[in-house]
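Below is one structure, written out as structure tokens; comments come after it.
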Amino acid sequence: WLARCVAAHRTGFVMCPMTVPPYHFETFVDYHQFCLEDESAPIWDGDVWTDQAVARQLAVAPGVVVVGTARNTRVPLRIDICDEAPDEQFEEWDRVVDCTMAVSSGRLVVRAPTDYVPDARRIALPAAVYRLRVRSGGLGTVSGDACGGNDHYSVTFWPAPPAAPCVHKVPRSGEGT
């Protein structure tokens, strides 16, 4: 299965069983955000950014999760697909938030809001309702113009029943937004 994974990854469409090696890439960020979408989800609009969503830097709509970022350029992103919730400590992260996302199509689209959707990266995963743990690190390293820095992002998916967003950790004052 690993050889199929590597070959599929080269074509831009990644197909792997659950609990596979993580996906590492740099994703384009526009308007300080990137999107994780079920391929069959309706196109979302900016109305997902409620006051609560802005505070947690994570907006949720049916089939869509939008992650707020500190930089407005390409950022490192890691995506893990797991069978169960991660058991972890949060010391290395500035922000940690959990949310729910239904992926009914079996294809996750990773993109910036202005990306051309047909060309966006896709990851295959079983159709299910997932819990996501969205982590942001290095927020305090971002330059004043939001172009330079070492911020990085990680998202873990695991099958779980729907639940409201849960904020585990937020940046301390002066450590980024």
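Heads up: numbering here begins at 1 and tracks the sequence. Heavy atoms only: backbone and side chains are in, while hydrogens, waters and symmetry mates are out. Bear in mind that the values here come from a model prediction, so they are computed numbers and not experimental data.
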Taking the side chain as C-beta and beyond, is there a heavy-atom pair between [X] and [Y] under 4.5 Å?
X: R121; Y: Y23; value: no
X: R135; Y: F90; value: no
X: D98; Y: H168; value: yes
X: L108; Y: M101; value: yes
X: W49; Y: V66; value: yes
X: V117; Y: E39; value: no
X: V65; Y: L58; value: yes

On a heavy-atom basis, which atom in [X] and which in [Y] lie closest, and how many Å separate them?
X: R131; Y: C166; result: NH2-CB, 3.8 Å
X: L132; Y: W158; result: C-CZ3, 4.0 Å
X: V64; Y: A41; result: CG2-CB, 4.0 Å
X: G138; Y: H152; result: N-CE1, 3.7 Å
X: A70; Y: L139; result: CB-CD2, 3.9 Å
X: A53; Y: V48; result: CB-O, 3.6 Å

Output the distance between atom [atom1] ([X]) and atom [atom2] ([Y]), rounded to the nearest 0.5 Å.
X: Y153; Y: T27; atom1: OH; atom2: OG1; answer: 11.5 Å
X: T69; Y: R95; atom1: OG1; atom2: CZ; answer: 10.0 Å
X: C35; Y: D30; atom1: SG; atom2: CG; answer: 9.5 Å
X: T114; Y: Y31; atom1: OG1; atom2: OH; answer: 6.5 Å
X: N150; Y: R71; atom1: CG; atom2: CZ; answer: 7.0 Å
X: S105; Y: L125; atom1: OG; atom2: CG; answer: 8.0 Å

Count I, L, V, M, F, W, Y as connected when their side-chain heavy atoms are under 4.5 Å apart, and connections chain through other members. Are [X] and [Y] then in the same cluster?
X: V134; Y: V167; value: yes
X: V110; Y: F157; value: yes
X: V67; Y: V142; value: no
X: V109; Y: F28; value: no

Within the distance-only criterion (no hydrogens, no angle test), does the side chain of [X] pair as donor or acceptor with the backbone N or O of [Y] below 3.5 angstrom?
X: D38; Y: S104; result: yes
X: T73; Y: C147; result: no
X: R74; Y: P76; result: no
X: S143; Y: G148; result: yes

For S136 and D94, does a side-chain donor sit closer than 3.5 Å to a side-chain acceptor?
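No, because no side-chain N or O of S136 sits under 3.5 Å from a partner of the opposite role on D94.
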Within the 3.5 Å criterion, strictly below it, is a donor on R107 or S40 matched to an acceptor on the partner's side chain?
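There is no such pair (donor and acceptor under 3.5 Å, judged by atom type) between the side chains of R107 and S40.
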E26, CD atom: more than 12 neighbouring heavy atoms under 6.0 Å:
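Above 12, so yes.
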Passing option when S154 is tested against I79, D80, L77 for side-chain contact (heavy atoms from CB on, under 4.5 Å):
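Of the listed residues I79, D80, L77, the side-chain contact (heavy atoms from CB on, under 4.5 Å) partner of S154 is D80.
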